[in-house]
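See structure below.
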Number of protein chains: 2
Amino acid sequence: MPTHFEGSAETKRALSAFINLARATNSVQARLTVQLEGEGLTVGQFGVMEALLHLGPMSQCTLGEKLLRSGGNITLVIDNLEKHGLVRRERQTEDRRTIVIHLTPKGLRLIKRVFPEHAKMILKEMSQLGPNEQEDLRRLCRKLGRGGKSGSEKTKREKRHDSSESQ
Amino acid sequence: MPTHFEGSAETKRALSAFINLARATNSVQARLTVQLEGEGLTVGQFGVMEALLHLGPMSQCTLGEKLLRSGGNITLVIDNLEKHGLVRRERQTEDRRTIVIHLTPKGLRLIKRVFPEHAKMILKEMSQLGPNEQEDLRRLCRKLGRGGKSGSEKTKREKRHDSSESQ
DNA sequence: CTAGAATCGTTTGATATCAAAGCATCAGAT
DNA sequence: ATCTGATGCTTTGATATCAAACGATTCTAG
């Protein structure tokens, strides 16, 4: 984004914070991506498999909703996972429009191994910050990630999320 | 990323911080992207034009370095900008391998208008945080974005960057 | 029962992003 | 002068990401 910019101190502060946010996220994610690619997975594929691992088999439509991806993109990612024998499609009998996606045994073995490794790497990446700093970062980002929400709605969500956030 | 995970408090903290970081960045960038698309520009195209605006005409190679993008990708982005009459290519005479990219008058008018609007929107997005929070976020992200750098190197860069960071 | 609307997944077109291969050009050594 | 290695850009192949259009299936109203 801006490599050079002028403006008020206020603007500079905001732009600088944003640039650093984007760069940091990019940089960390790039390293995580490399790790996954070492296992023959893309980030998107990992996301699908991780969701199936933790939430169980589900339709493509549901996957798209949970991962915030378009239908067309889910189709492509599943196509590639299927090609590698990591997932299988199962068309439902009660509603033949719906295809439920299952991990194959091969896929299950892979994600069961890769997921903890990935989590460990995230731990390592985030360990550049101390525990309090991680907490601060989390808090700030949660506040930022709510953009566009109304005030009263925010308050309600805040309470609900706090109880389920520990997961 | 992880929708459900188990592990030590330490791991949970790190994963949670990371997830919120990624989500916040994503969410803010999605909104910024929509704004640019309203002007007929993609994020990548905006990046190229912004660099040309502030740093002047430069080769594709240099653009790729500054924007951290691959050569092939730069070619595509420039192709599309050229198609829309926003930039033009100029092969050099001293070294005919090199193509310098220039903003066209149309391109210049557009980026001169769009850039400040974009900056304003970033200001608005970041204003969900107060000045001190923005500073904190910037500091934390800068720390995080340095992953993989050695300690002594970090110290040197830290000093140098502090003096040039105000830009 | 039938027609129209809604839903699910796929296809299409556009853009992005990378790595690797390919071609033209340049620089340096012999 | 010639050859080899390096450089800049383009092309190719693979994957991603979206919106819109499309076809099959299901649901609902009349």
Side-chain angles (χ1 to χ4, degrees), chain A residues 22 25-27 29-49 57-84 86-102, chain B residues 22 25-27 29-49 57-84 86-102:
Chain A
T25 308
N26 223 50
S27 153
Q29 284 181 328
R31 285 190 288 275
L32 294 173
T33 297
V34 168
Q35 188 205 28
L36 288 180
E37 281 171 356
E39 298 286 353
L41 289 177
T42 66
V43 170
Q45 292 167 6
F46 175 82
V48 166
M49 291 175 75
M58 69 188 79
S59 70
Q60 292 190 198
C61 189
T62 303
L63 271 171
E65 283 164 9
K66 288 197 183 299
L67 299 173
L68 304 176
R69 290 288 173 262
S70 72
N73 183 243
I74 291 292
T75 297
L76 178 74
V77 173
I78 303 284
D79 281 350
N80 286 318
L81 283 171
E82 195 177 36
K83 189 168 35 173
H84 293 116
L86 300 174
V87 303
R88 63 179 174 86
R89 282 176 161 104
E90 186 174 287
R91 193 172 289 273
Q92 298 302 92
T93 47
E94 315 88 54
D95 180 347
R96 285 185 298 153
R97 294 171 302 183
T98 298
I99 298 179
V100 171
I101 310 295
H102 298 254
Chain B
T25 307
N26 223 49
S27 153
Q29 284 181 329
R31 286 191 287 276
L32 294 174
T33 297
V34 168
Q35 187 204 29
L36 289 180
E37 281 170 357
E39 297 287 353
L41 290 178
T42 66
V43 169
Q45 290 166 9
F46 176 82
V48 165
M49 290 176 75
M58 69 188 78
S59 71
Q60 294 191 194
C61 188
T62 304
L63 272 170
E65 284 164 9
K66 290 198 183 299
L67 299 174
L68 305 176
R69 289 290 173 262
S70 71
N73 184 239
I74 290 292
T75 297
L76 178 72
V77 173
I78 304 284
D79 281 351
N80 286 317
L81 283 172
E82 195 177 35
K83 189 168 37 173
H84 293 117
L86 300 175
V87 303
R88 62 180 174 87
R89 282 174 161 103
E90 184 173 289
R91 193 171 289 273
Q92 299 302 90
T93 47
E94 316 87 56
D95 181 346
R96 287 187 295 156
R97 295 170 303 184
T98 299
I99 298 179
V100 172
I101 309 296
H102 299 254

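Note that the coordinates shown come from a computational prediction; the quantities given were computed from them, not determined experimentally. Chain letters run A, B, ... following the sequence lines, proteins first and then strands; every chain starts at 1.
Residues forming a side-chain hydrogen bond (donor to acceptor under 3.5 Å, both in side chains) with A:T62 (at least two apart in sequence, or on another chain): A:S59. In terms of the side-chain hydrogen bond (donor to acceptor under 3.5 Å, both in side chains) criterion, residue partners of A:E39 (sequence neighbours excluded) are, by chain and number, A:R113. Not a single salt bridge (charged side-chain N to carboxylate O under 4.0 Å, His left out) links A:E65 to another residue, sequence neighbours left out. The salt bridge (charged side-chain N to carboxylate O under 4.0 Å, His left out) search around A:R89 returns A:D79, A:E82, not counting sequence neighbours. Residues that satisfy the side-chain hydrogen bond (donor to acceptor under 3.5 Å, both in side chains) test with A:D95, not counting sequence neighbours, are A:R97. Taking the side chain to side chain contact (heavy atoms under 4.5 Å, CB included) definition, one finds that B:H102 meets it with B:P57, B:R88, B:E90, B:V100, sequence neighbours left out. Contacts of B:Q45 classified as side-chain hydrogen bond (donor to acceptor under 3.5 Å, both in side chains), with partners at least two apart in sequence or in another chain: none.
Closest non-hydrogen pair, A:L36 versus A:T42, comes out as CD1-O, 4.3 Å.
Along DNA chain D, read 5' to 3', the first and last nucleotides having any atom under 4.0 Å from a heavy atom of chain A are D:dT15 to D:dT26.
Residue contacts for A:L68: at a heavy-atom cut-off of 4.0 Å it reaches the sugar-phosphate backbone alone, with no base atom in range. At the heavy-atom level, B:T42 lies under 4.0 Å from the strands shown only through sugar-phosphate atoms.
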When you compare the protein's N or O atoms with those of nucleotides 7-10 of chain C, which come within less than 3.5 Å of each other, and at what distance?
| residue | atom | partner | partner atom | Å |
| --- | --- | --- | --- | --- |
| C:dT7 | O4' | A:R97 | NH1 | 3.2 |
| C:dT7 | O2 | A:R97 | NH1 | 2.7 |
| C:dC8 | O3' | A:R97 | O | 3.2 |
| C:dG9 | OP1 | A:Q60 | N | 3.4 |
| C:dG9 | OP1 | A:I99 | N | 2.8 |
| C:dG9 | OP1 | A:I99 | O | 3.0 |
| C:dG9 | OP2 | A:C61 | N | 2.7 |
| C:dT10 | OP1 | A:R89 | NE | 3.4 |
| C:dT10 | OP2 | A:Q60 | OE1 | 3.4 |
| C:dT10 | OP2 | A:Q60 | NE2 | 2.8 |
| C:dT10 | OP2 | A:T75 | OG1 | 2.8 |

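Where A:N73 and A:R96 meet DNA chain D, the nucleotide closest to each residue was compared, and A:N73 sits on the side nearer the 5' end.
An end-to-end axis angle of 10° holds for the helix from C:dC1-D:dG30 to C:dT30-D:dA1, taken from five base pairs per end and rounded to 10°.
The distance from atom CG of A:L63 to atom NZ of A:K66, rounded to the nearest 0.5 Å, is 9.0 Å.
For residues 68-78 of chain B, the set of pairs meeting the side chain to side chain donor-acceptor pair (under 3.5 Å) definition, not counting sequence neighbours, is empty.
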